[in-house]
Amino acid sequence: MRARLVVLALAALALWWLWPAAPLAARFGLDDCRVLALSDTTTGKPIRGVEDMALADETLILSAYDRLSAGRGEAGGLYRLPLAALAEDGPLALTPVAPGIDHPHGIAAAGGRLAVIARTYGANGLEGAAIHILDAKSGAVLWQAVDQCTANDLAFAGPWVAVSHDRRHCEGLSWREMLLPAGHARVERLSATESATLATALTFANGIAIGPGAGWRLAVAETRAARLTLDPETPRARRLALPGAPDNLSLAPDGRLLAALHPSLWRLALHRHGLSARAPSRAVAVDPMTGAVEVLFDDPGGDLWPGATVAVETPDALVLGAIRAAGVLVCERRA
């Protein structure tokens with residue numbers, strides 16, 4: 001009897017974990033969106049796993065690598081995608097921006113600079129990471145910070161770079177933190193010569209954005225808490241609940257924060273490790289002043305675009321990256 005109860009309890013828990021996400025009304029329907037295929041000119045292979053994107057000079061800079069093959073030595077890279085090319089049918093061949101950065105994660109662009117979290121993988125998974133500040137045009141390294149294994153995303157704050165660290169220990173060293181994350185995540189700021197802590201006690205700090213200062217200054221996506229936190233560790237700290245677990249953040253032209261969301265982290269984990277072909281995706285725009293949330297894109301079954309990791313708004317489209325999918329998703333504005 002006890003064994004049967006345990007089996008029933010595990011089955012109920014699995015059903016709860018894997019229950020389909022409820023659909024939400026969105027600005028863009030699935031019929032408004034299309035996949036733009038991309039390939040690497042040096043290898044001829046599809047560009048997969050666009051983790052993050054940054055806008056710079058009428059160009060989208062893409063951070064991409066295949067999570068499933070990273071430990072086997074296969075490389076991704078940084079790529080430039082001209083905004084004008086988003087209207088093309090594809091496939092488009094792109095050349096890596098900074099050869100040698102094979103597994104770029106979070107990126108940011110500002111003032112002619114490009115900040116990159118460059119991860120290192122081995123047979124056992126993630127082994128380490130460094131932060132590189134590059135000249136956005138030439139790719140030359142301006143300065144770098146090593147031993148940044150827990151770094152997830154970053155954003156420029158004047159001469160500084162604000163960096164989110166999603167947990168206390170590097171992946172593979174603390175599965176307890178990955179499965180049952182406590183408030184051990186933090187945000188730091190770095191320069192070529194200094195570092196300082198901006199916020200602590202966060203729950204899996206992921207995407208990060210810097211605001212105008214008037215109203216809010218720092219936004220952090222707390223993935224495991226399904227919320228956006230504004231100005232943590234200040235008297236004006238605010239926490240905004242979201243309809244999913246937020247990944248990367250970007251700023252829209254109207255000042256709102258765009259967040260790619262994971263409605264089910266368990267289904268995302270199955271998808272990320274190659275155990276499922278689909279994971280639900282969602283993208284929202286959040287007004288940091290009022291907390292109002294607009295759903296921009298919703299794919300509760302992950303049928304078109306599984307596991308979205310980032311959403312960026314261009315003058316003519318919404319563009320999404322995903323954890324394993326090939327290319328990018330382009331959603332055209334309705335007339």
Side-chain angles (χ1 to χ4, degrees), residues 36 38 40-41 47 49-65 76-88 90 92-119 130-145 151-164 189-192 207-212 219 247-260 283 285 309-322 327-331:
L36 178 59
L38 306 172
D40 186 312
T41 57
I47 295 173
V50 175
E51 161 67 22
D52 202 1
M53 295 185 283
L55 272 169
D57 298 328
E58 300 299 315
T59 300
L60 271 177
I61 300 176
L62 313 179
S63 162
Y65 65 96
L78 296 166
Y79 304 90
R80 286 193 180 96
L81 176 60
L83 296 187
L86 294 174
E88 299 183 21
L92 301 178
L94 305 180
T95 302
V97 172
I101 297 181
D102 296 334
H103 304 113
H105 202 71
I107 61 174
R113 299 166 297 164
L114 177 64
V116 184
I117 296 172
R119 289 185 163 182
I131 293 173
H132 300 285
I133 310 301
L134 310 176
D135 181 282
K137 290 186 178 180
S138 68
V141 178
L142 303 177
W143 58 272
Q144 59 185 3
N152 191 304
D153 198 15
L154 31 69
F156 281 106
W160 299 85
V161 175
V163 184
S164 65
R189 68 175 189 177
L190 302 174
S191 72
I208 189 171
I210 300 297
D247 202 311
N248 288 307
L249 303 178
S250 66
L251 279 173
D254 62 6
R256 291 189 296 175
L257 285 158
L258 303 187
T309 55
V310 61
V312 172
E313 189 174 7
T314 75
D316 301 307
L318 178 73
V319 186
L320 285 80
V328 293
L329 189 72
V330 181
C331 300

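One-based numbering along the sequence shown. Scope of the values below: all heavy atoms of this structure, side chains included, with no hydrogens, waters or symmetry mates. Only a predicted model underlies this, so the values are computations on that prediction, with no experimental measurement involved.
The minimum heavy-atom distance between A64 and Y79, with the atom names listed, is CB-CE1, 4.3 Å. Scanning both residues, A109 and L55, for their nearest heavy atoms gives CB-O, 4.0 Å. For the residue pair A85 and L36, the shortest heavy atom distance occurs at O-CD2, 4.0 Å. Of all non-hydrogen atoms in A219 and L249, the two that sit nearest each other are O-CD1, 3.9 Å. Of all non-hydrogen atoms in A311 and S250, the two that sit nearest each other are O-OG, 2.6 Å. Closest approach of I107 and S63 over heavy atoms only: CG2-CB, 3.7 Å.
Checked by atom type and distance alone, the side chain of T59 never pairs as donor or acceptor with a backbone atom of R80 at under 3.5 Å. With hydrogens and angles disregarded, no donor-acceptor distance shorter than 3.5 Å links the side chain of D153 to the backbone of S164. With hydrogens and angles ignored, the 3.5 Å screen pairs a side-chain donor or acceptor of N248 with a backbone N or O of T309. Side chain of D135 to main chain of L142: no donor-acceptor pair is present (N/O by atom type, distance under 3.5 Å, no hydrogens or angles).
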Test log, rule side chain to side chain contact (heavy atoms under 4.5 Å, CB included), inputs L114 and L78: CA-CA 10 Å; L114 177 64; L78 296 166; 4.1 Å; yes
Side chain to side chain contact (heavy atoms under 4.5 Å, CB included) assessment of W160 paired with I210: CA-CA 11 Å; W160 299 85; I210 300 297; over 6 Å; no
Verdict with reasoning, V163 to I208, per side chain to side chain contact (heavy atoms under 4.5 Å, CB included): CA-CA 7 Å; V163 184; I208 189 171; over 6 Å; no
Criterion side chain to side chain contact (heavy atoms under 4.5 Å, CB included) on I133 and L190, from CA distance to verdict: CA-CA 11 Å; I133 310 301; L190 302 174; over 6 Å; no
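Residue pairs meeting the salt bridge (Lys or Arg N to Asp or Glu O under 4.0 Å) criterion with at least one partner in residues 309-318, sequence neighbours excluded, are R27-E313, E313-R333.
Note that CD1 of I47 is 4.5 Å distant from CG of L94, once rounded to the nearest 0.5 Å. Rounding to the nearest 0.5 angstrom, the gap separating the NE2 atom in H132 from the CD1 atom in I117 is 10.5 Å.
The aromatic rings of H105 and Y65 sit tilted, their planes meeting at an angle between 30° and 60°.
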